[in-house]
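See below for the structure under consideration.
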Amino acid sequence: MNKLKLMYISNISWSWIKQRPQFLAEGLSKYYEVDVYSRKAYRKSKMVENTTNKVSVYDIFRLPYEKVKFIEMFSNKIVGYQLKKKLKKYDIIWISDPRDYLLIKKHVSANQSLIFDCMDDYAEFPIIKLSQQRLIKYLNAERSLLLNSTQIFVSSFYLSKTLQKRNNLHISSKIEIINNAICEEKIKIEKNKSDFYHLPHRKKIITYIGTISSWLDMSLIINSLNIYDDIEYHMYGPKDIELPKHERLKYLGILDHNEVFEVMAEADMLIMPFLLTPLVMSVNPVKLYEYIQADKPVVSIKYDETEQFADYVYLYSTQDEYFCIIKKLIDNRLNALKSKEETLGFLKKNTWDNRIIKIIKKMKNG
């Protein structure tokens with residue numbers, strides 16, 4: 001029996017840092033014939049080699065500098081033309097961004113299933129939120145996609161509630177929460193590097209790996225550095241903001257995936273120090289799944305989506321609570337919360353393969 005054909009319109013380039021869209025597309029290929037269409041990437045600092053033989057990947061040409069409004073308009077016409085030419089041959093249309101739906105809306109037929117996978121609250125991103133014109137256009141697209149989708153998948157409970165409340169819709173029957181996850185092939189817990197870990201008189205290394213942007217609580221970090229002389233922060237990832245100047249706040253660049261485990265092994269503590277904005281509160285943090293593998297103390301701001309990690313992650317709500325955790329670290333009284341065996345059990349329950357099984361069940365049963 002031939003597989004149904006699925007057109008996966010990704011809102012990130014396939015050569016972008018591998019995350020939810022790439023993992024879902026590859027997972028869906030076990031059940032469907034998947035073709036991925038994603039806009040050409042221009043920012044080489046975030047591009048990686050995401051080779052795959054599981055799906056066919058097609059670069060959709062777009063114009064650079066799309067943040068300029070008149071360029072964005074012409075670029076969308078070019079992207080829409082390319083997508084519309086391919087649309088008819090697919091049984092299922094999978095969309096990650098409502099703005100792409102506007103480009104093909106008139107050409108999706110009644111016998112095609114329309115799937116919306118929402119992994120972030122895009123209306124809260126500054127490029128949309130700070131432009132009234134872009135925001136209105138986005139919200140119109142979002143409402144239209146929600147109404148016309150066959151199924152809707154969201155990465156967090158908060159997102160589910162936000163989408164329905166913002167659009168005054170009661171569509172919970174076709175929404176399924178599919179949290180982020182971890183790739184089973186990447187699960188490994190490495191031993192501490194004892195020769196490094198026990199060096200005398202060294203400062204405790206607190207490590208952050210991820211995009212360095214406005215959602216980081218830099219006041220918390222700087223205040224902790226001013227109070228505790230025995231700590232230093234190592235920051236890795238692409239930067240959207242400049243970090244404050246401090247001799248013990250070190251930016252160390254962007255990591256290749258094969259370097260992440262080595263960096264985590266050299267850390268004393270791994271952190272997710274976010275500000276509680278609506279954008280952050282909608283995020284089910286894939287970062288925590290990755291941190292937990294390191295068999296190190298993991299610390300995160302507390303909100304609904306991080307409470308599901310409470311058995312494995314130290315959660316804080318206030319600056320004082322965060323400082324208490326640092327004091328325990330300095331006094332050598334802070335350890336990973338669970339054994340390696342318990343951690344492996346948790347990670348294996350939260351793989352992308354398990355998420356795909358849940359998606360397929362929803363798509364087949366409605």
Side-chain angles (χ1 to χ4, degrees), residues 4-29 32-109 112-120 122-123 125-128 130-131 133-142 144-145 148-149 211 238 240 254 257:
L4 295 176
K5 293 178 69 68
L6 188 150
M7 181 186 204
Y8 196 114
I9 304 174
S10 174
N11 61 334
I12 64 169
S13 168
W14 190 264
S15 59
W16 216 246
I17 295 170
K18 191 167 185 177
Q19 49 190 287
R20 183 183 179 102
Q22 292 101 325
F23 285 117
L24 290 185
E26 289 185 332
L28 289 165
S29 69
Y32 304 106
E33 184 180 334
V34 178
D35 291 340
V36 176
Y37 294 84
S38 62
R39 298 190 186 210
K40 179 178 174 62
Y42 288 107
R43 292 178 64 185
K44 293 184 178 181
S45 63
K46 290 185 180 180
M47 291 172 66
V48 293
E49 283 292 327
N50 286 328
T51 56
T52 182
N53 57 8
K54 298 178 181 179
V55 300
S56 297
V57 181
Y58 300 95
D59 258 352
I60 296 295
F61 177 77
R62 66 180 179 91
L63 298 175
Y65 309 111
E66 282 182 326
K67 290 181 181 180
V68 180
K69 287 185 180 180
F70 78 90
I71 294 179
E72 179 186 34
M73 181 180 67
F74 285 111
S75 187
N76 282 338
K77 288 183 181 296
I78 293 168
V79 171
Y81 175 76
Q82 294 170 86
L83 292 175
K84 286 180 282 191
K85 283 177 61 180
K86 307 291 184 180
L87 200 66
K88 290 183 180 180
K89 66 178 181 178
Y90 295 98
D91 305 290
I92 302 165
I93 312 300
W94 185 289
I95 295 181
S96 305
D97 189 323
R99 290 168 292 183
D100 288 329
Y101 178 55
L102 286 186
L103 305 180
I104 62 170
K105 178 180 177 180
K106 294 179 181 178
H107 303 272
V108 178
S109 68
Q112 290 176 309
S113 295
L114 183 65
I115 310 297
F116 176 29
D117 178 55
C118 184
M119 67 176 182
D120 288 302
Y122 299 112
F125 279 95
I127 191 171
I128 295 175
L130 299 180
S131 166
Q133 184 180 358
R134 281 198 177 106
L135 181 60
I136 291 171
K137 186 176 181 180
Y138 176 84
L139 293 177
N140 288 336
E142 179 183 84
S144 182
L145 181 53
N148 292 299
S149 292
T211 301
D240 293 334
I254 299 172
H257 189 78

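- Summarising the geometry, atom OG belonging to Ser113 is positioned 9.0 Å from atom CG belonging to Leu6; distances are rounded to the nearest 0.5 Å.
- Nearest approach of Ser96 to Asn11, heavy atoms of both residues: CB-OD1, 3.4 Å.
- Put simply, the side chain of Ser38 reaches to within 4.5 Å of the side chain of Asp59, judged on heavy atoms.
- Summarising the geometry, atom NZ belonging to Lys54 is positioned 11.5 Å from atom CG belonging to Leu28; distances are rounded to the nearest 0.5 Å.
- The shortest distance between side-chain heavy atoms of Met119 and Pro21 falls below 4.5 Å.
- The minimum heavy-atom distance between Ser131 and Lys69, with the atom names listed, is OG-NZ, 3.7 Å.
- Considering only residues two or more places apart in sequence or on other chains, Ser29 meets the side-chain hydrogen bond (donor to acceptor under 3.5 Å, both in side chains) condition with none of them.
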In sequence, state the C-alpha distance, the side-chain angles, and the governing distance for Ile12 and Trp14, and then conclude on side-chain contact (heavy atoms from CB on, under 4.5 Å).
CA-CA 6 Å; Ile12 64 169; Trp14 190 264; over 6 Å; no
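- Closest non-hydrogen pair, Arg62 versus Ser75, comes out as CB-OG, 3.4 Å.
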Start with the C-alpha gap between Leu145 and Leu114, add the side-chain angles, then the distance that decides, and say whether side-chain contact (heavy atoms from CB on, under 4.5 Å) holds.
CA-CA 9 Å; Leu145 181 53; Leu114 183 65; 3.7 Å; yes
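- With sequence neighbours left out, Tyr101 forms a ring-ring contact (aromatic ring centres under 6.0 Å, His included) with no residue at all.
- The list of salt bridge (Lys or Arg N to Asp or Glu O under 4.0 Å) pairs with a residue in residues 71-87, not counting sequence neighbours, reads Glu72-Arg134.
- Judged as a side-chain hydrogen bond (donor to acceptor under 3.5 Å, both in side chains), and not counting sequence neighbours, the contacts of Lys5 are Glu33.
- Between Ile104 and Ile9 there is a side-chain heavy-atom pair separated by less than 4.5 Å.
- For Ala123, the side chain to side chain contact (heavy atoms under 4.5 Å, CB included) partners at least two apart in sequence or on another chain are Asp121, Leu135, Tyr138, Leu139, Arg166.
- Sequence neighbours left out, the pairs with a member in residues 94-107 that pass salt bridge (Lys or Arg N to Asp or Glu O under 4.0 Å) are Arg39-Asp100, Asp97-Arg99.
- By the salt bridge (charged side-chain N to carboxylate O under 4.0 Å, His left out) test, Lys40 pairs with no residue at all, sequence neighbours left out.
- By the side chain to side chain contact (heavy atoms under 4.5 Å, CB included) test, Ile136 pairs with Gln132, Asn140, sequence neighbours left out.
- Sorted by first and then second residue, the pairs that involve residues 67-94 and meet ring-ring contact (aromatic ring centres under 6.0 Å, His included), not counting sequence neighbours, are Tyr8-Trp94, Trp94-Phe153.
- Between the CD1 atom in Ile115 and the CD1 atom in Ile92 there is a gap of 6.5 Å [rounded to 0.5 Å].
- Atom CG of Asp240 sits about 6.5 Å away from atom OG1 of Thr211, to the nearest 0.5 Å.
- For Asp120, the side chain to side chain contact (heavy atoms under 4.5 Å, CB included) partners at least two apart in sequence or on another chain are Tyr122, Phe125, Val283.
- One distance of note links CD of Gln112 with CG of Leu87; it measures 5.0 Å at 0.5 Å rounding.
- The salt bridge (charged side-chain N to carboxylate O under 4.0 Å, His left out) check on Arg20 picks up Asp117, with sequence neighbours excluded.
- With sequence neighbours left out, Gln82 forms a side-chain hydrogen bond (donor to acceptor under 3.5 Å, both in side chains) with no residue at all.
- In this structure, the separation between OG on Ser109 and CG on Asp91 is 9.5 Å, given to the nearest 0.5 Å.
- Contact detail for Val36 and Ala25: the closest heavy-atom pair is CG2-CB, 3.8 Å.
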